[in-house]
Amino acid sequence: DSGVTQTPKHLITATGQRVTLRCSPRSGDLSVYWYQQSLDQGLQFLIQYYNGEERAKGNILERFSAQQFPDLHSELNLSSLELGDSALYFCASSVESGYGYTFGSGTRLTVV
Amino acid sequence: TQLLEQSPQFLSIQEGENLTVYCNSSSVFSSLQWYRQEPGEGPVLLVTVVTGGEVKKLKRLTFQFGDARKDSSLHITAAQTGDTGLYLCAVNYNFNKFYFGSGTKLNVKP
């Protein structure tokens, strides 16, 4: 157990739908990062939050949004889902940027 | 052009053999991390290197950061089947943007 908790572990949904992925960071970590991993794209950085504030944005689509709550858990919202959004979505947390992250075990999203 | 180039992409070896995988870039980084990822799981941090020329050892794994802080290598001595996995290097570039290489998929056969 890495200390980073992601739910749900698996999610199957239809095109056009909206889903929410949840992440609880490791105790004491203020930064939360979201990554998408697909077979042809590798691990792609989506977005970072630090203590409730958006800190950095990567290749996150406009259909995707995220937030970090006062208790530091984070949610990634994916809307108007397309087949190409099928992927593993990972959350990671860290105390400070640049010194390595602790990853959760991911949510496998399948859009049918 | 990828920010980080990892080589080789795939490596299949027998248990007991030694191997080296590489992570190269034309950019300079303040730090670099190595991770191992097993199928269906999140990457697990192995090491962070910070200083040019730094060498870190983790049991049979030896990590080196290039003198110019543009590249890194991971050497495994006497590989075991438990070393099988995807080895990823990652950097923090352009202030808080994080990039992972595409990885080296290692298969250690018994």
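Remember, it's a predicted structure, so these values are computed and weren't measured experimentally. Computation of the quantities below employed the complete heavy-atom set of this structure, encompassing side-chain atoms and omitting hydrogens, waters and symmetry-equivalent molecules. Proteins get letters first, then strands, A, B, ... in listed order; numbering begins at 1 in each.
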Please check if the number of heavy atoms outside [X] that lie under 6.0 Å from its [atom1] is greater than 12.
X	atom1	value
I12(A)	CD1	no
K9(A)	NZ	yes
K56(B)	NZ	yes

Item to check | Residues of residues 62-71 of chain A within contact distance of chain B, non-hydrogen under 4.5 Å | outcome: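 The residues closer than 4.5 Å to chain B amount to none at all.
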
Item to check | Residue part contacting chain B, namely of Q44(A), when any heavy atom lies under 4.5 Å | outcome: neither

Next on the checklist: Using heavy-atom distances under 4.5 Å, tell me whether S2(A) contacts chain B through its side chain, its backbone, both, or neither.
Outcome noted: neither

Next on the checklist: Among Y35(A), W34(A), Y101(A), which residue satisfies the ring pair (Phe, Tyr, Trp, His ring centres under 6.0 Å) criterion with F98(B)?
Outcome noted: Y101(A)

Checklist entry - Can you check side-chain hydrogen bond (donor to acceptor under 3.5 Å, both in side chains) on Q9(B) and S102(B), steps first, answer last? => result CA-CA 8 Å; Q9(B) 274 189 288; S102(B) 53; 5.2 Å; no

Checklist entry - Do T20(A) and N77(A) meet the criterion of a side-chain donor-acceptor pair at a distance under 3.5 Å? => result yes

Checklist entry - Please walk me through it: do T20(B) and H75(B) pass side-chain hydrogen bond (donor to acceptor under 3.5 Å, both in side chains)? => result CA-CA 4 Å; T20(B) 302; H75(B) 181 81; 2.7 Å; yes

